[in-house]
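So the structure is just underneath, and the comments pick up after that.
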Amino acid sequence: MATMTIARAINEGLRASLTNDPKTLLMGEDIGELGGVYRVTDGLKRDFGAMRVVDSPLAESGIIGTAIGLALRGYRPICEIQFDGFVFPGFNQITTQLAKLRTRSDGMLSAPVVIRIPYGGGIGSVEHHSESPEALFAHTAGLRIITPSNAQDAYWMIQQAVTCEDPVIVFEPKRRYWLKGEVDTSAPAGDPFSAQILRRGTDATIVAYGPLVPVALAAATAAEEDGRSVEVIDLRSISPIDFDTVTESVTRTGRLIVAHEAPTFGGIGGEIAARISERAFLSLEAPVIRVGGFHMPYPVARVEEQYLPDIDRILEALDRAFAY
Amino acid sequence: MNSSRLPAAEFEVEEVLRAAHAAEEGSRTEPDLDMLQVLAADGTMASGLAADIAGTTVDLGPYLAQDADHLRSLYRDMFLIRRFDQESTALQRQGQLALWVPLTGQEAAQIGSGRALQPQDYAFPTYREHGVALTRGVELSQILRLFRGVTNGGWDPRERNFHLYTLVLAAQSLHAVGYAMGLQRDQLADPSLPPAASIAYFGDGASSEGDIHESMVFAASFNAPVVFFCQNNQWAISVPSSVQTRVPLAQRAEGYGFPGIRVDGNDVVAVEAVTRWALEHARSGRGPVLIEAYTYRMSAHTTADDPTKYRLSRDEQEWQPRDPLARLEAHLRSAGTADDAFFEELAAEARTMASELREAVLSMTAPELAERFATVYAEPHPLVQEELRFFEQYEAGFAEEGKHA
């Protein structure tokens, strides 16, 4: 067991992947000499060399497109997109090429490319640096999307993404990069595409992922003071979604709140609400309530605190669910 | 230009086009760039070939293959692929294919460059490289599976090192560069491997896509063993190449810091020689090359297109005498290296190929939608599995109904 930040855990996970498989390589802007703008790849170029840790030209489509070519040659590229809002120049390669290669080849080819994207707000930054575009990718068949919320998961999930035969996007909660946690580097990792119940409860369930998991846990603790026993699920995987774990929880608690930073309209919360209403309709004491961003481009930093779902927004949703 | 206000119906399309072209002449014509050529349009063949590459004269003579057997086989490939093109067009017109992408006029560019490849090289086509597919040994009927709508691929790219067709313009160019970066790493890990290169095909239209720019930047930065092969067929559906570029496309390579060469794309002998040189350049670690094969799309963009709406039949007539097959035939006949019997046998071979192709297309069956679920992901996916179960039950419901009816 070691205590480390999420950023460090990803760094150690990448180091393990680079050590375990000579076909892995990292590609991205400023990831080599600088170690990435968040230092997630710090020291890896020094230890693995420029052929394994590639400072790429400043071109996201180029990063993803060449990664696909490398994968066709048997390599396992791990791409870093510097910020969530900068993934869009690579959107075409991700959605029309990477996601479709398997089906286009009638299952003959696979594209084991990993794309790491720091995402989410709360860092007081400028435009395009605080977004949560996961739903845009979740809507695309052929991709898998995971998002760790703690150091233990960060260490293992990046490695599991690398060994997966499908393309995997890893959304990293950038405002939690410095959140410390225990990492057991010897423990066998569980299924990265499954949800995890972090806190047991009997009266309501909160589903959250990535940066909002600590917020959901804090809200559950606060709700306890009001005599409400709230279960918290870390979704971990956005595509596929582990509906079995969520359904099982809701059949016990009868109430469901889904929280994410991304706008609620057309988001993951809506998908979960729809599925749960199909699967557990008779168990529901209240409609599934979504807590998320508003239907606006991510706002300026000075007002992002009001925009981002926080403990109170989740508690307010719980109030509505209990009042139903 | 306010031709849009004219009552178009009162004018012949050709007249309107002619007026428009005249008005824009001068401002839209590309400056000339020397074009490498060995086999002239009248069938005369030069014995040597040299190129000016970045100010240095490079003798491409050693890359020329001009013996009679070889020339006959180049002609054979071009003839067969033109016949394949005609048969596919007919199959589309008869409703057997959803769409067809003709290559007529571009046989020399494709056969010449394709024949320059070695088995270990890897080609990334657009959706028109039927001729390259032939040179790689891809079963041609497999190409038609895509256009019949029974697959989006059609063949195993690893068998012949010929990638699947890519319909999003220029996307494959980055794949070719990435593949070349992989070849580079393989070579470092195991120097006993035969040196290899990738080749990225694209057209004058796609040259405007950002992915072409990014792929040339990446290729230059990493000195990747890749050849960019641009078939400038003058038209991106209805838009002339002068809208895509103010300079000859080959000249763009200079801006990226690697050689660019314009070759007569209707001269199969020169195309093959130049591509051989470029591939060797790439394989030997000297980095990427851009080849612009200057040619003409004699037919429509696809069978859904009507070129009479945007270009003059005069232009097509001007290109007719430069036909890649006619000039090689003229050479073979005047050199006495192919006689009537050769051409007759070839025509018979092509007829057989066409009828076999037709049979193959008519016997292609649609896949089951249920099978498609298994091709989305390589590893088990609960949502896909759930939806497949639903679909199968739903379909089974109809079967039950049928029994009771």
Side-chain angles (χ1 to χ4, degrees), chain A residues 22-23 25 27 50-52 54-75 77 89-90 92-93 95-97 99-113 141-144 164-167 193-194 237 239-244 275, chain B residues 122 124 145-146 151-158 163-168 170-186 188-189 198 200 209-211 213-215 217-222 224 226 367 371-386:
Chain A
K23 293 286 191 183
L25 73 160
M27 301 171 69
M51 292 301 271
R52 306 282 310 279
V54 182
D55 269 323
S56 75
L58 212 162
E60 289 78 11
S61 187
I63 294 168
I64 308 297
T66 54
I68 293 169
L70 278 153
L72 288 168
R73 187 62 201 172
Y75 287 83
N92 171 48
Q93 284 287 344
T95 55
T96 75
Q97 303 302 312
K100 291 186 164 87
L101 187 64
R102 180 90 187 162
T103 198
R104 182 177 300 148
S105 65
D106 297 319
M108 282 185 276
L109 304 177
S110 51
V113 173
L143 303 175
R144 292 173 184 266
C164 182
E165 281 302 311
D166 292 311
F193 304 107
S194 67
S237 177
S239 178
I241 290 174
D242 177 4
F243 290 114
D244 288 347
R275 293 274 166 176
Chain B
Y122 200 103
F124 287 83
R145 294 183 63 217
L146 190 162
T151 178
N152 286 327
W155 57 92
D156 185 342
R158 297 163 300 189
H163 197 59
L164 299 174
Y165 280 4
T166 299
L167 275 56
V168 174
Q172 77 283 354
S173 181
L174 281 166
H175 307 163
V177 175
Y179 195 89
M181 289 164 69
L183 291 172
Q184 242 172 353
R185 283 163 174 75
D186 287 354
L188 275 177
S198 67
E209 291 279 0
D211 276 359
H213 171 65
E214 294 191 22
S215 55
V217 168
F218 272 66
S221 296
F222 300 121
V226 58
E371 294 166 9
R372 304 304 299 170
F373 288 83
T375 68
V376 185
Y377 292 93
E379 295 186 10
H381 191 285
L383 176 63
V384 172
Q385 289 166 340
E386 184 184 324

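Chain naming here is simple, since letters A, B, ... match the order of the sequence lines and numbering starts at 1 in each. Basis for what follows: all heavy atoms, side chains included, without hydrogens, waters or symmetry-related copies.
Only the side chain of Ser221(B) comes within contact range of chain A, judged by heavy atoms closer than 4.5 Å. Residue Tyr122(B) does not touch chain A at all, counting heavy-atom pairs closer than 4.5 Å. Heavy atoms closer than 4.5 Å to chain A are found in the side chain of Glu386(B), but not in its backbone. Only the side chain of Pro157(B) comes within less than 4.5 Å of a heavy atom of chain A; its backbone N, CA, C and O stay farther away. Using a 4.5 Å cut-off between heavy atoms, Ala176(B) makes no contact with chain A at all.
Ranked by heavy-atom pairs under 4.5 Å with chain B, the first of Arg104(A), Arg73(A), Arg275(A) is Arg73(A). Among the candidates Leu72(A), Val54(A), Leu25(A), the residue making the largest number of heavy-atom pairs closer than 4.5 Å to chain B is Leu72(A). Counting heavy-atom pairs closer than 4.5 Å to chain B, the top-ranked of the candidates Leu101(A), Thr103(A), Ile64(A) is Thr103(A). The candidate from Met51(A), Lys100(A), Lys23(A) with the greatest count of non-hydrogen atom pairs under 4.5 Å with chain B is Met51(A). Ranked by heavy-atom pairs under 4.5 Å with chain A, the list Val177(B), Leu188(B), Val376(B) is led by Val376(B). Among the candidates Arg372(B), Arg185(B), His163(B), Met181(B), the residue making the largest number of heavy-atom pairs closer than 4.5 Å to chain A is Arg185(B). Among the candidates Pro57(A), Ala59(A), Pro22(A), the residue making the largest number of heavy-atom pairs closer than 4.5 Å to chain B is Pro57(A).
Between Glu209(B) and Asn92(A), every side-chain heavy-atom pair lies at or beyond the 4.5 Å cut-off. Tyr377(B) is listed as a side-chain neighbour of Arg144(A), based on a closest heavy-atom distance under 4.5 Å. Contact check for Asp211(B) versus Gln93(A): side-chain heavy atoms found under the 4.5 Å cut-off. Considering only heavy atoms from C-beta on, Leu109(A) comes within 4.5 Å of Arg158(B) through its side chain. Using a 4.5 Å cut-off on side-chain heavy atoms (C-beta onward), Phe222(B) and Thr66(A) make no contact.
Annotation for Glu165(A) and Ala378(B): closest pair CB-CB, 3.6 Å, computed over non-hydrogen atoms. Between Gly65(A) and His175(B), the shortest heavy-atom distance links the atoms O-CD2, 3.3 Å. Smallest separation of non-hydrogen atoms from Phe218(B) and Gly62(A): CZ-C, 3.4 Å. Of all heavy-atom pairs spanning Glu379(B) and Cys164(A), the tightest one is OE2-CA, 3.5 Å.
Gln184(B) CD to Leu70(A) CG: the interatomic distance, rounded to the nearest 0.5 Å, is 9.5 Å. Between Leu174(B) atom CG and Ile63(A) atom CD1 the span is 10.5 Å, to the nearest 0.5 Å. Annotation: the span from Met108(A) atom CE to Trp155(B) atom CH2 amounts to 9.5 Å, rounded to 0.5 Å.
For the side-chain contact (heavy atoms from CB on, under 4.5 Å) criterion with Thr96(A), the lone passing option out of Val168(B), Leu167(B), Thr166(B) is Val168(B).
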